[in-house]
Chemist: 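To start, I am sharing the structure in question, which I have written as structure tokens.
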Amino acid sequence: MDLLASLNPRQREAVLHTEGPLLILAGAGSGKTRVLIHRIAHLIQGVGATPESILAVTFTNKAAGEMRSRVSSTLEDSGMALERSPFVSTFHSFCVRLLRRYGAPLADLRPGFTSSFTIFDEADQVAAVKSVYREIGIDEKFMKARALLSAVSHSKNHGKTPQDFYESAEGPQDDKIAVIFEKYQALLQSSNAFDFDDLLLESVRLLKHSEQTRASLHERFRYLMIDEYQDTNRPQYELMKLLTGAAHNVCVVGDEDQSIYSWRGADIRNILDFEKGFPEASVVRLEQNYRSTKRILAAASGVVANNLDRKGKNLWADGEEGSPVLFYHAPDSDAEARYAARCVDRHLTENPGKNAAILYRANSQSRQIEEALRRINRDYKVVGGVSFYQRAEVKDILAYLKSATSSANAISLMRIINTPARGIGRTTVEQIENHARRAGISMWEAIEQMLSEGRFPARARAAVAVFHRLIGGLRKQLSDEPWYEAIPWIMDESGYRSMLESDGSIEAAGRLENINEFINAAADAYRRSESLDEFLDQAALVADTDQLDSSSPVLLMTLHSAKGLEFPLVVMTGLEEGIFPHGRSLEDPAALEEERRLCYVGMTRAREQLILIAARARRRFGGGSPELMMPSRFLKEIPRDVLQSVGQQVSPSWNTGDGYSLDLQAEQHEVRETVQRRLYDGPTYNSVENLSGFFAKKNLPVPANLRRPAQAKPRSGAPAQRMPAGGPAWRARHTSGYRLGEKVRHSKYGVGTVMKFEGDGDDTKLTVHFRSAGLKKLVAKFAGLQPA
DNA sequence: TGAAAGATCGTTTTT
DNA sequence: CGATCTTTCA
């Protein structure tokens, strides 16, 4: 079979461009994955590259697995079976392998580093921060551990050390964060542990530091490919640059309209800088959509056209008109769930063999939908959510294994020192912690010292001795027997099994089942001749159990997890202001644009039918009375002629009769008009080269996520910006003297956020979102706004 | 010390 | 509502 025959000219161009840097701008459903697969196949079959000289990086483990299997089946189809596969993995997995295998020189830079480091997942990170809190005597009233970690992560990804953080501190709060940051990092190092960010950063550091390592990698990997390039962050960009040797054989694929991870540090500058970093780069655009009907595509395009911050890509489809996008305005969230379930049920009955997805903004929304599906006996599968390896019981067992393999790991040790309860209480643990800190030794060493020096009271001594013997026994077990057998050993010897068995509750039974499943997973890994280290890496890096097989035809997942997937029927739920767009984004224009892109991603998952649902009322927390919800602004951005309302209409439109809704509707209309003008009049920033020039000419502020971060407060959207944030001082001032996103006070409406400018100087019309009064349009010189 | 009741709290997205 | 932390009491 000819590999190229099934491709359109653009796609073919991308596949055939094998030498030198290549940027593929690929719209939704434009066959991006196909191009990548065929490109790999072509490299092997046409160019004669060895499979192992190709490194392909994907965003999720799931995508990596899929790509691996599709490459081999494509090659098989064209009569070429591979014994070795290309190296396909996520950035994070790749870095783990890199550090384990080539990491030795890193010990120069990171004292105590050994290749048997452990990975701290999110729960470990939180535990580490809490441990630092205890050490310096503050509690979470200062700042939630997770919030603090966002600040730390943000700093790290922008190349900031605790010292840098301290120097740019804006007040005592920041000073404190800097201290915690430093101690957190020290704790990681003394535990020989890496958090997710460290995996990338230290890999970059290693490659910068060791020319030899760089050389071996260039020798090994001749061709580099990166999928979902719009969602890469700065360290990933640097890593890419370091990995492409002199040949610059790197191919990146992305779509800025689908950039939905800026909160995690994804940086659209990576697309811009690609051509700066590689001036000889070629650009290929894939703009033909093969996935969705014309109506679905029109609806999605209509929404995303409201973003100012985009390239104005021209996605077109050749296929069927399709049926209109349906909108159901449910009386409440329960009715929403029932309607979603009914749609899916009918679809599957009428189209046996097909599948469907129900999408929502936040995982917590899945509950009611699950209930509705159960009530009509429809099988479903929830993707993501609380992952298998995050379950408490599995984490406990993992902590035993980690404590045994890495005695420096204080976090794992703390987790299981009294689980199951063995009489080591708070006081005893504190004593050990203090001793370790004072003597500058690990928790494990502290335990040994204190035992031999007789520092415990009798009862505690006995308990600690039991624990000490237990871990010692586990180490022996691990060195003598196949490692997976250690898990049942732990269950029996630690008393974990009897703890669960004597409990007798349904939950305990479920936990036992989970652990059995875990033992099976371990045994499988062992049979695949994976080492314990590799198995533990997997557990930390593989978020969900990766139900690639997705045995059920009904999938429930967040909009984020739907990225990269497609379904004949897609039902999107919770299209309400505050839910989607999410409440946290309402006052930040850049965050709002990301929500809009997320909406675009969701809608373009649908092949044949797209159904949108909003609830008029929703209970936000368990108790209280239901809240009235405003329909999402995204609904109003969908061109009328492709949208059809269904179900009983309580009122003629979604206008609920209060001022907010009216204003909003007028507002949206104008936004659309302005955008149209901006997109098609004069130079569009259609080519990557003239992006910032485009904004300069239009006298527009360069959107925040296209701009270089200023010294003090970089970026928006990223978590750190939400914390102390005395207002986004880094944003350029409009000629009216206000800034986008700035907080202002109005004599009547109270505090609000500046969302939009029209006109210049004193005559500027400001659109301000007030917490109490909603969106208002005000003329700058009459509004009498005070800074808030 | 630890289980159990009570209070609190905070809710986005994920490698 | 549910997870998690705190307090209470045996």
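In the text below, chain A, chain B and the rest are named by the order of the sequence lines, each starting its count at 1.
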Chemist: With the criterion being N/O to N/O and under 3.5 Å, what pairs connect the protein with nucleotides 4-8 of chain C, and how long is each?
Modeler:
{"unit_1": "C:dC5", "atom_1": "OP1", "unit_2": "A:Lys130", "atom_2": "NZ", "d": "2.3"}

Chemist: Would you kindly say whether A:Thr419 and A:Asp396 are connected by a side-chain donor-acceptor distance under 3.5 Å?
Modeler: no
Chemist: Who passes salt bridge (charged side-chain N to carboxylate O under 4.0 Å, His left out) against A:Glu576, sequence neighbours left out?
Modeler: A:Arg618
Chemist: Which of these nucleotides, B:dT15, B:dT13, B:dG2, is closest to any side-chain atom of A:Arg264?
Modeler: B:dT15
Chemist: So, does A:Thr558 get its side chain near the phosphate of B:dT14, meaning an N or O under 4.0 Å from OP1 or OP2?
Modeler: yes
Chemist: A:Ile579 has an atom CD1; how far is it from atom P of B:dT12, in whole Å?
Modeler: 11 Å
Chemist: Name the closest nucleotide to the A:Thr60 side chain, picking from B:dT1, B:dT15, B:dT12.
Modeler: B:dT15
Chemist: Select from A:Gly425 and A:Ser561 the residue whose nearest nucleotide in DNA chain B is closer to the 5' end of that strand.
Modeler: A:Gly425
Chemist: How many whole angstroms separate atom NZ of A:Lys156 from atom C1' of B:dT15?
Modeler: 14 Å
Chemist: Over how many whole Å does the gap from A:Gln236 atom CD to B:dT15 atom C1' extend?
Modeler: 8 Å
Chemist: State which of B:dG2, B:dT12, B:dT14 makes the closest approach to the side chain of A:Arg361.
Modeler: B:dT12
Chemist: Does a donor on one side chain and an acceptor on the other come within less than 3.5 Å for A:Asp198 and A:Gln185?
Modeler: yes
Chemist: Please identify each residue that fulfils ring-ring contact (aromatic ring centres under 6.0 Å, His included) with A:Phe194, with sequence neighbours left out.
Modeler: A:Phe113, A:Phe117
Chemist: Consider the side chain of A:Arg367, meaning its heavy atoms from C-beta on, and name the nucleotide among B:dT1, B:dT15, C:dC1 that approaches it most closely.
Modeler: C:dC1
Chemist: So which nucleotide from B:dG2, B:dT1, B:dT15 ends up closest to the side chain of A:Thr427?
Modeler: B:dT1
Chemist: Under 4.0 angstrom, heavy atoms only, what part of the nucleic acid is A:Tyr261 near: base, sugar-phosphate, or nothing?
Modeler: sugar-phosphate
Chemist: Provide, to the nearest angstrom, the distance between the NZ atom belonging to A:Lys141 and the P atom belonging to B:dT8.
Modeler: 10 Å
Chemist: Does A:Asn363 place a side-chain N or O at less than 4.0 Å from the phosphate oxygens OP1/OP2 of B:dT12?
Modeler: no
Chemist: For A:Ala410, enumerate each residue passing the side chain to side chain contact (heavy atoms under 4.5 Å, CB included) test, keeping only those at least two apart in sequence or located in another chain.
Modeler: A:Met443
Chemist: Ignoring backbone atoms, establish whether A:Thr428 has a side-chain N or O less than 4.0 Å from OP1 or OP2 of B:dT1.
Modeler: yes
Chemist: Send over the distance from A:His560 NE2 to B:dT15 P, rounded to a whole Å.
Modeler: 11 Å
Chemist: Measuring only the P atom in each nucleotide, how far is C:dT4 from B:dT13? A whole number of Å is fine.
Modeler: 14 Å
Chemist: Using a 4.0 Å heavy-atom cut-off, does A:Ser364 contact any base of the nucleic acid, only the sugar-phosphate backbone, or nothing at all?
Modeler: nothing
Chemist: Send over the distance from A:Glu594 CD to B:dT12 P, rounded to a whole Å.
Modeler: 15 Å
Chemist: Stacking between A:His92 and the base of B:dT15 (centre distance under 5.5 Å, interplanar angle under 30°)?
Modeler: no
Chemist: For A:Leu200 and B:dT14, give me the distance from atom CG to atom C1', rounded to whole Å.
Modeler: 13 Å
Chemist: Can you tell me if the side-chain N/O atoms of A:Asn418 get under 4.0 Å from OP1 or OP2 in B:dG2?
Modeler: yes
Chemist: Pick the closest DNA chain B nucleotide for A:Phe59 and for A:Gly423 by heavy atoms, then say which residue is nearer the 5' end.
Modeler: A:Gly423
Chemist: For A:Thr118 and A:Ser191, run side chain to side chain contact (heavy atoms under 4.5 Å, CB included): C-alpha distance rounded to whole Å, both residues' side-chain angles, the deciding distance at 0.1 Å, then the answer.
Modeler: CA-CA 8 Å; A:Thr118 46; A:Ser191 304; 5.7 Å; no
Chemist: Please list, chain by chain and in numerical order, all residues satisfying side chain to side chain contact (heavy atoms under 4.5 Å, CB included) with A:Glu135, sequence neighbours excluded.
Modeler: A:Lys183, A:Arg437
Chemist: Please state how far atom NE2 in A:His582 lies from atom P in B:dG10, giving the value in whole angstrom units.
Modeler: 15 Å
Chemist: My understanding is that only residues two or more places apart in sequence, or in another chain, count here; which of them pass side chain to side chain contact (heavy atoms under 4.5 Å, CB included) with A:Arg97?
Modeler: A:Phe87
Chemist: Taking the six-membered ring of A:Tyr237 (Phe, Tyr or Trp), confirm whether the NZ or CZ of A:Arg234 is under 6.0 Å from its centre and within 45° of its axis.
Modeler: yes
Chemist: Among the nucleotides B:dT12, B:dT14, B:dT15, which one has an atom lying closest to any side-chain atom of A:Trp263?
Modeler: B:dT14
